[in-house]
Structures are given as C-alpha cells and as structure tokens.
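Heads up, the thing below is written out as structure tokens.
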2 protein chains.
Amino acid sequence: MGKNTHETKPAIALKDLAECGQCTCFNLRKASRIVTQYFDDSMRSIGLRGTQFTLLANAFAYSPITVTRMSEIMIVDRTTLGRNLLPMEKSGLIKVESGDDRRTRIVKITDVGKRKLTEAYPLWKETQENIKQKMGLENWGSMISNISNLVDCMQES
Amino acid sequence: MGKNTHETKPAIALKDLAECGQCTCFNLRKASRIVTQYFDDSMRSIGLRGTQFTLLANAFAYSPITVTRMSEIMIVDRTTLGRNLLPMEKSGLIKVESGDDRRTRIVKITDVGKRKLTEAYPLWKETQENIKQKMGLENWGSMISNISNLVDCMQES
DNA sequence: CTTAGTTAGGAGTATATACACCTATTGTAT
DNA sequence: ATACAATAGGTGTATATACTCCTAACTAAG
C-alpha cells in the first residue's frame, strides 16, 4: 500500500464543509431539539411533554376527529400520530373509538384531558413568552413567519 | 348527572387555542419534519438520511474526535449521538475506537465514509439550493439567521 | 498511596418519527 | 350484485431523541 502517484482527492473541500454548517435540515433540527427540551422541562412537573401539549390542544380543538384528518391538520405522518396518541390514551387524556365508518378511529379529548390542558396552558404560555423575550419579539415574529413560509413552500411542491 | 347551576369552565378559551397554533415548539418541529423528509428523499438512492449526512460531514470535519466533544459541537445529547453513530458504524462509514484515555471513544471517518460523503454532497447541495429557491434567498437567509439567534439565546440561559 | 470527586460513556426505558406492507371497509363501475 | 379501486388504519422495522441510572477510569486532596 505505497503512496500512489495520483493523489487521493479529498472527500469534499473545506469551503464545502463550511457550507454544510448552513444545512437547513441540521439547523432546524438543532433548534427543535433545544426548544423541545425547554418545553419538556417546563411541563415535566405535570407529566406532559411539549409535543403532548400540542396533541392535547389539537384534540381539544377538533374533538371528535379521525386520526387521518388530524394528521393532515398537524402535518404529521398518519402512523406517527397513531403511535403518539397511544401514551396519551394510556394516561386517559384522550380516548379513541371506532366511527360509523368502521375503518375510522375517532379521537376525543376526555375530561381528564381537559383538566390537564387547563393545568398545562399557563406553563406553556410562560415558556412561550420566555422564548419571545429571550429572542426579542421582532426576531421571534420574523422567525415564526419565515418558518410558516417554509412549510407553505414545501407543501406546494 | 343533572345540569349544574354553576357552568363548567371550558379547559381553555378559543383565543388561547388560536395562540397555541403559534407554539414555537410545534412550528419548529413541523418544519423539521417536512425538511427532514425532503433531505431523506434526496439521499434515499444512496442509502443515507439527512441526519446521517450531517453526522458524516461532522465526522469528516473533526475526525478523530470523542463522542462527548462531538455532541457538544453538534448540540445534541451525548447518548443520542452515541446511538446515532451505531448504524453508521455498522455500515462502515465511521469507526469508533478507544482513546488513550480509556474512558473515551474516538470517532473516525473511514475511507468508505469519505467516499459516501463525496457521493452525497452534490445531492445535499442540490436539495439545499432547492429549498433556498423555493423560499427565496432573502427569506431563507433571514430564517437561518433567526434560527441561529434562537439557538444562541437558548444556550445562554 | 488511598480516597473522594469528576468525567466519559453505556444500558434501560420511553417517546417521536416515517416508510413499507398488510387488512378491513367503503365506494363505484358494470 | 359483483368485482375492483380507493380509503382508514395497524404492524413491523428502523432511526432520532433524551432522561435516569450505572460502571470504568482519570484526577486531585490528604
């Protein structure tokens, strides 16, 4: 395995590597991780995660609703939503029943779920305001608007 | 179970529900899902995911590096990174060895990994440019800048 | 040198995510 | 009425994510 006369080309150039630091996917995921942990922390005392708060709020808003319809609204994979609902059903926050169309499964928020949502809302609100305050209202608004725009752009195609 | 004289208070008011649609966590995660799927699609032909491309690019940039140091750079939980490296080690893109400090595990990119990165880079580049183009360069730049700002803000506290 | 504290990492557990494949049910064309 | 297409959902599998608890190894205090 002596040194070849033809140099091995580097995998990618240094400038390309720097570019990869701007990856839309990486940066969005990184921000998601940090913000998810922040919301998770704020609701840990009442046994809810940030994602579950969102699920509960949507269940409340649209209850009763089919799994697939809810997945379309939240822009999440149908099977993902189905699985995410399981721990919430186990803890009694929602219930899932068969609909008249017996293929469908109908998601309904329970009284326990409504109470939990009432309990969670002030925590969510405080956390949300904290983030706005940390970022500055203008920056935050710009970010949310940019993100919404991104989601719209990607949905079109 | 007759109707009570005191009405049951609703879990949260309608205006509060609308507010929840602006949840920083929900919106970031939603965008992450869509963008992750877009990058995953673009690299499926070569058997890489968007997250794995990022991992590979960082392994290349910092190789050799300990797991914990790499997790600090990427701002991801140490145990998460450790687990994410497993499938990449299995497919031979990286190798993980003990360091001189025998507590540490050293991550190194392999030649196979370098070749895969060279293969993946144009796909990544195209996908990244597609998103910029869909959003408009100015909006995209603003978003990335806002997201970086968010990450910085959340790190400080 | 020994002991106590610190650090690096793994294992167990639980949730979040989505793709491929499957079944059951409904709707539709003939 | 039947056959076929379309729809709703579940299961298997795999990765992504992080928290808690654990062990091994290094380091510093005495």
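Residue numbers begin at 1 in each chain, while the letters A, B, ... track the order of the sequences. All heavy atoms count here, side chains included; hydrogens, waters and symmetry mates do not.
Regarding B/Leu81, its CG atom lies at a distance of 14 Å from the C1' atom of D/dT15, rounded to whole Å. Regarding B/Lys30, its NZ atom lies at a distance of 12 Å from the P atom of C/dT17, rounded to whole Å. Rounded to whole Å, atom C1' of C/dT26 lies 17 Å from atom CZ of A/Arg105. Spacing between atom CZ of A/Arg69 and atom P of D/dT7 amounts to 14 Å, rounded to whole angstrom units. In this structure, A/Arg29 atom CZ and D/dA16 atom P are separated by 7 Å, rounded to whole Å. One interatomic measurement links the two molecules: CG of A/Leu28 to C1' of C/dA16, which rounds to 17 Å at whole-angstrom precision. Look at CG on A/Leu56: it is 15 Å from P on C/dT15, rounded to the nearest Å. Here C/dA16 presents its P atom at 14 Å from CZ of B/Phe26, a figure rounded to the nearest Å.
OP1 or OP2 of D/dA16 sits under 4.0 Å from a side-chain N or O of B/Thr51. Here B/Thr68 reaches the OP1 or OP2 of C/dG9: one of its side-chain N or O atoms lies under 4.0 Å away.
Side-chain contact between A/Lys90 and A/Met88: absent, with no pair of heavy atoms (C-beta onward) separated by less than 4.5 Å. Counting heavy atoms from C-beta outward, A/Lys30 and B/Met74 have side chains that stay 4.5 Å or more apart.
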Please list, pair by pair, any protein nitrogen or oxygen found under 3.5 Å from a nitrogen or oxygen in nucleotides 1-3 of chain C.
none

For nucleotides 18-25 of chain D, give me every protein contact, N/O to N/O, under 3.5 Å, one pair per line with atom names.
from   : atom 1 : to      : atom 2 : distance (Å)
D/dA18 : OP1    : A/Gln37 : NE2    : 2.7
D/dA18 : OP2    : B/Asp77 : N      : 3.0
D/dA18 : OP2    : B/Thr80 : OG1    : 3.2
D/dA18 : N7     : B/Thr80 : OG1    : 3.4
D/dA18 : N6     : B/Arg83 : NH1    : 2.7
D/dC19 : OP1    : A/Gln37 : OE1    : 3.1
D/dC19 : N4     : B/Thr79 : OG1    : 2.9

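Nucleic acid contact for A/Thr66: sugar-phosphate only, since backbone atoms but no base atoms lie under 4.0 Å from a heavy atom of the residue.
Under the rule for a ring pair (Phe, Tyr, Trp, His ring centres under 6.0 Å), the partners of A/Phe53 that lie at least two apart in sequence or sit in another chain are A/Trp124. B/Gln128 pairs by the side-chain hydrogen bond (donor to acceptor under 3.5 Å, both in side chains) definition with A/Thr24, not counting sequence neighbours. With sequence neighbours excluded, no residue satisfies side-chain hydrogen bond (donor to acceptor under 3.5 Å, both in side chains) with A/Arg33. Remark: B/Glu126 engages no residue in a salt bridge (charged side-chain N to carboxylate O under 4.0 Å, His left out) (not counting sequence neighbours). Listed by chain and residue number, nothing satisfies the side-chain hydrogen bond (donor to acceptor under 3.5 Å, both in side chains) test with B/Asp111 (two or more places apart in sequence, or in another chain). Annotation: side-chain hydrogen bond (donor to acceptor under 3.5 Å, both in side chains) contacts of B/Thr127 (sequence neighbours excluded): B/Ser42.
For residues 46-64 of chain B, no pair satisfies salt bridge (Lys or Arg N to Asp or Glu O under 4.0 Å), with sequence neighbours left out. Pairs of residues two or more places apart, or lying in two chains, that qualify as side chain to side chain donor-acceptor pair (under 3.5 Å) and include a residue from residues 98-107 of chain B are B/Asp101-B/Arg103. Among residues at least two apart or in separate chains, salt bridge (Lys or Arg N to Asp or Glu O under 4.0 Å) pairs with a member in residues 59-80 of chain B are B/Arg69-B/Glu72.
For the segment residues 84-91 of chain A, no residue has any heavy atom less than 4.0 angstrom from an atom of DNA chain D.
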